[in-house]
Structure formats: C-alpha cells, structure tokens
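These notes are about the structure you will find just below.
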Amino acid sequence: MNSSSPLYVFEDVSKSFDESAGRLAIFEHLHLRVEEGEALAIVGASGSGKSTLLHLMGALDTPTSGRVLFEGRDLGTLAPDAKARFRNEQLGFVFQFHHLLPEFSTLENVAMQAIIGGMPRGEAMRRAEAMLERVGMSHRLRHKATTLSGGERQRAAIARAVLCRPRVLLADEPTGNLDENTGAQVGALLSELNKEMGMTLVVVTHNRELADQMGRSLELRSGVLYDKTSW
C-alpha cells in the first residue's frame, strides 16, 4: 500500500444532528486515512457514530463540516447522480440485515443488483453462480432466501456485494445477528476476499473478535478515533 496516496482521507470532519433537545454532536474534527487494499475495523459501542462514519465513506451522508476525500475527490461536492454512480461503480455494501428478497432464489438475489445496473442477465447469473461457489453456497443456488440459515444469508449478501468487484467493501455489523462460530466464519471470508480481490475492506462492529481479523483496528469513542490494532 502506498501511504502517500491514501484512498480515503477525512479532513477535520465533524458531524452533528439538530434535535428537539438541541444539537447532537456525533464527532468533531475527525481525521482518518484509509489506504487502498487494507482491511480496517472501526469498533465502538452502539451509538458511538461508527455507522455514521461508514455512511460518510459511502456518500450516503455528508459532513456538517470538513471534507471526506476519495482519491482526492471531495464526496460532499458531488451531485446526487454522481454520488449514485460512485456507489454503483466503486462500492459494495454489507449490512447487519441481509436484505434478501424472500420470493427469489439465492442465485437470483445475488444477480439482481447487477441486472438492474445494466449487466446482461446471462452474464450476471454466471457471475453470481461463480461467486456463490466461492463463498461456499453452491449447494443453495436454487433455494429461496427464507430457507437459508443466518450465516448462509450473510454469505449470499457478501456474494451480492462483491459480484461486480468493487474497489471498496463497506460492512456495517456484518456478524451482528450471527452466533460466535458463524460470525468468525463470516469474518474470515471477508478477510479472504479482501486479500484475493485486492479491495479495500472497512468493517464497523462492536465485535472485538471480528476486529482482530482485520489488519488495523480503530476505536471510535467520545468522537475520537484511537488505534487499537494491537489490543
């Protein structure tokens, strides 16, 4: 990784929300660099702001002040259609809830986003089948999402997120609904895909074991990031 050319830079970023009781500051004057290809965990208690930080990386939200740069480009200045194009072309998302559609098969669920994005159906289905095989789901291609276990659903969600080989995979509590053993397997899969595909992986979690599987760990506490890589 080239430390002189980080993929993401947070420059003096603050984020707050106006509520009936007054202004709620999530974090203030935050600085962060994320290198291309690294696996980064951001840990913190519920409500610490780690999901908000991930949303800023995904151009799903904008800072109250400061800048979030991606390859030197200020994401906050992009028009809505440019933000959508950035997310579609550069990012993959995995959430705590898999968001699979119950009336479709596993294969159809994984291929659907690519088809909606304009990929020919045949190519999308072939890629989806290959990716499901990679994540250990080749035996569940035709099964409806409702018949899958929690771990299988999350593996399918990961396959969907990386189908188009994004530059960055953003994962928000990807093991939050899984038991310890299944969560460890999902964490290992994310780490393997980070290395195999060369994509940048950013995981936000309260799970210390998952964070330990990443190359670098930061803790977001009281609006400040602390290096916890060697904890």
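Since the model is a prediction, treat every value here as computed from it, not as a measurement.
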With rounding to the nearest 0.5 angstrom, report the CZ to CZ distance, R127 to R165. 8.5 Å

So with a 6.0 Å cut-off around CD of E133, is the heavy-atom count from everything else above 12? no

Spacing of CG belonging to N194 relative to OG1 belonging to T200, to within rounding of 0.5 Å: 7.5 Å

State whether the side chain of N109 and the backbone N or O of L101 hold a donor-acceptor pair below 3.5 Å, judged by distance alone. yes

Worked check of salt bridge (Lys or Arg N to Asp or Glu O under 4.0 Å) between R134 and E192: CA-CA 11 Å; R134 168 61 191 86; E192 291 166 8; 2.9 Å; yes

Looking only at heavy atoms, what is the nearest atom pair of S191 and L201, with distance? N-CD2, 4.3 Å

Please determine, by modelled atom types, if T182 and Q185 share a side-chain donor-acceptor pair under 3.5 angstrom. no

Between A145 and L100, the two heavy atoms sitting closest are CB-CB, 3.8 Å

Donor + acceptor pair across side chains of R23, S16 (<3.5 Å): yes

Q90 side chain near P166 side chain, heavy-atom distance below 4.5 Å: no

Residue pair L30 / G223: nearest heavy atoms and the distance that separates them: CD1-O, 3.6 Å

Tell me, do R167 and L91 make a side-chain contact under 4.5 Å, heavy atoms counted? no

Are T106 and R142 close enough, and set up right, to give a side-chain contact (heavy atoms from CB on, under 4.5 Å), and what steps lead you there? CA-CA 6 Å; T106 306; R142 310 298 173 187; over 6 Å; no

Reported CG-to-CG distance for the pair L178 and L210, which is rounded to 0.5 angstrom: 10.0 Å

Indicate the atoms forming the closest heavy-atom contact of L169 with V162, along with that distance. CD2-CG1, 4.0 Å

Any donor-acceptor pair under 3.5 Å from R153 side chain to T146 backbone: yes

Side-chain donor-acceptor contact under 3.5 Å, E173 with H206: yes

Does CD belonging to E11 count more than 12 external heavy atoms closer than 6.0 Å? yes

Chi angles and distances behind the side-chain contact (heavy atoms from CB on, under 4.5 Å) call for H29, S14: CA-CA 5 Å; H29 309 298; S14 298; 4.2 Å; yes

Side-chain heavy-atom pair V34, M57 within 4.5 angstrom cut-off: yes

Shared ILVMFWY cluster between V203 and L60, side chains joined below 4.5 angstrom? no

Could you check K195, R216, R33 and say which one makes a salt bridge (Lys or Arg N to Asp or Glu O under 4.0 Å) with E38? R216

Would you give the length of the straight line joining atom CG of L107 to atom CE of M137, rounded to the nearest 0.5 angstrom? 10.5 Å

Mind listing the closest non-hydrogen atom pair of L163 and A128 along with its distance? CD1-N, 3.4 Å

Between K15 and D61, is a salt bridge (Lys or Arg N to Asp or Glu O under 4.0 Å) present by the stated rule, with each step listed? CA-CA 10 Å; K15 182 62 182 180; D61 203 350; 3.1 Å; yes

Using atom types as modelled and distance alone, determine if a side-chain donor or acceptor of S217 lies under 3.5 Å from a backbone N or O of A211. yes

Tell me whether the NZ or CZ atom of R221 lies within the 45° cone about the ring axis of Y226 and under 6.0 Å from its centre. yes

Is there a path of hydrophobic side-chain contacts, each under 4.5 Å between heavy atoms of I/L/V/M/F/W/Y residues, joining V94 to M112? no

Quick one: pull up CD1 in I42 and CG in L220 and give me the separation to the nearest 0.5 Å. 7.5 Å

Only pairs at least two apart or in different chains count here, so list each side chain to side chain donor-acceptor pair (under 3.5 Å) that has a residue in residues 74-89. none

V13 versus F27: any side-chain heavy-atom pair under 4.5 Å? yes

Report yes if some heavy atom in the side chain of L69 is under 4.5 Å from a heavy atom in the side chain of F10; otherwise report no. no

Within the side chain of Q154, is there an N or O that forms a donor-acceptor pair under 3.5 Å with the backbone of P174? yes

Is the backbone N or O of R126 less than 3.5 Å from a side-chain atom of E129, with the two atoms forming a donor-acceptor pair by type? no

Contact between V9 and L32 at the side-chain level, heavy atoms closer than 4.5 Å - yes or no? no

Looking at E103, I'd like to know if its CD atom is crowded, meaning that more than 12 non-hydrogen atoms belonging to other residues, nucleotides or ligands lie closer than 6.0 Å. yes

For the residue pair L189 and V135, establish whether any side-chain heavy-atom pair is separated by less than 4.5 Å. yes

Side-chain donor or acceptor of Y8 paired with backbone N/O of E35 under 3.5 Å: no

Can you name the nearest heavy-atom pair linking A159 to L132, along with the distance? CB-CD2, 4.1 Å

Beyond-backbone contact of K144 with F104, side-chain heavy atoms, under 4.5 angstrom: no

Roughly how far, to the nearest 0.5 Å, is CD of Q213 from CZ of R208? 14.5 Å

